[in-house]
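Letters A, B, ... mirror the listed sequences (proteins, then strands); counts begin at 1.
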Amino acid sequence: MDDAMRRKLALFPIGIVQRLTDLTARQIRYYEQHALIHPERTHGNQRLYSFNDVERLLEIKSLIDKGLNIAGIKAMIGQPTPEIDYTPAMQAAAEEVRSELTENDLHELLMQELSARAGQRGNPVSMIQGELSRFFHGDRR
DNA sequence: GTTCTGACA
DNA sequence: TGTCAGCA
């Protein structure tokens with residue numbers, strides 16, 4: 001599978017995303033209510049986020065810090081957000097990854113993500129590194 | 001133990 | 001937004 005596909009795989013429960021973005025579960029769910037993100041759901045109705053979702057949340061976070069409200073964010077990045085074109089193959093791939101996702105594997109995945117998108121568009125690597133640093137070191141929670 | 005929805009200071 | 005309840 002290609003990189004674009006890999007970034008769409010629903011892999012992380014809200015707890016992981018919480019640490020990855022430094023946002024509270026409350027905020028993450030709130031942004032979903034306002035259609036800023038659309039995570040997948042497990043059979044048990046639990047949310048599963050993809051790398052794309054995490055990136056989007058980081059963008060949302062930066063805009064919130066700049067003082068924008070939900071409406072302002074929608075105007076900026078809040079496209080209709082169609083997506084959801086999961087193929088059976090992708091779902092299988094996602095389940096495969098999740099079943100063997102350990103903290104270290106996650107670290108590797110994130111590092112790949114980091115280098116894969118180094119210096120790309122409006123997502124300064126420096127910012128992402130800050131998030132990763134927070135995740136893999138002390139001040140969690 | 002973790003996540004989910006609904007509700008309220 | 002935080003937090004607590006009552007489930008799954």
Item to complete: Dump the intermediate steps for salt bridge (charged side-chain N to carboxylate O under 4.0 Å, His left out) on A:E32 and A:R47, then the final yes or no.
Response: CA-CA 10 Å; A:E32 180 184 350; A:R47 275 166 269 246; 2.7 Å; yes

Fill in: Evaluation steps, side-chain hydrogen bond (donor to acceptor under 3.5 Å, both in side chains), between A:S50 and A:D53
CA-CA 5 Å; A:S50 66; A:D53 293 325; 3.2 Å; yes

Practice prompt. Check the pair A:L11, A:F51 against side-chain contact (heavy atoms from CB on, under 4.5 Å), reporting the backbone distance first and the verdict last.
Written response: CA-CA 8 Å; A:L11 308 173; A:F51 279 113; 4.1 Å; yes

Worksheet item: With nearest nucleotides of DNA chain B determined for A:Q33 and A:G15 from heavy-atom distances, which residue corresponds to the more 5′ nucleotide?
Response: A:G15

Discussion item. Students should find this one: the first and last nucleotides of DNA chain B, 5' to 3', lying under 4.0 Å from a heavy atom of chain A. What are they?
Written reply: B:dT3 to B:dA7

Worksheet item: Across the strands shown, which category fits A:G44 at heavy-atom distances under 4.0 angstrom: base, sugar-phosphate, nothing?
Response: nothing

Worksheet item: From the 5' end of DNA chain C to its 3' end, which nucleotides mark the outer limits of contact with chain A, defined by a 4.0 Å heavy-atom distance cut-off (strictly under)?
Response: C:dT1 to C:dT3

Worksheet entry | Base-pairing assignment for C:dC7 (Watson-Crick or G-U wobble, both under 3.5 Å) | none

Worksheet entry | Nearest-0.5 Å distance, CG of residue A:L23 to CD of residue A:Q18 | 8.5 Å

Practice prompt. Searching all strands shown, indicate the nucleotide that pairs with B:dT3 (Watson-Crick or G-U wobble; both distances under 3.5 Å).
Written response: none

Discussion item. With heavy-atom distances below 4.5 Å as the criterion, would you say the side chains of A:R19 and A:I16 are in contact?
Written reply: yes

Worksheet item: Could you state the interatomic distance from CD1 (A:I14) to CG (A:L48), rounded to the nearest 0.5 Å?
Response: 10.5 Å

Worksheet item: So which one's nearest nucleotide on DNA chain C is more toward 5', A:R26 or A:Q46?
Response: A:R26

Worksheet item: A:F12, A:Y31: one ILVMFWY side-chain cluster at the under-4.5 Å cut-off?
Response: yes

Worksheet item: Atom CD1 of A:I70 and atom CD1 of A:I60: how far apart are they, to the nearest 0.5 Å?
Response: 7.5 Å

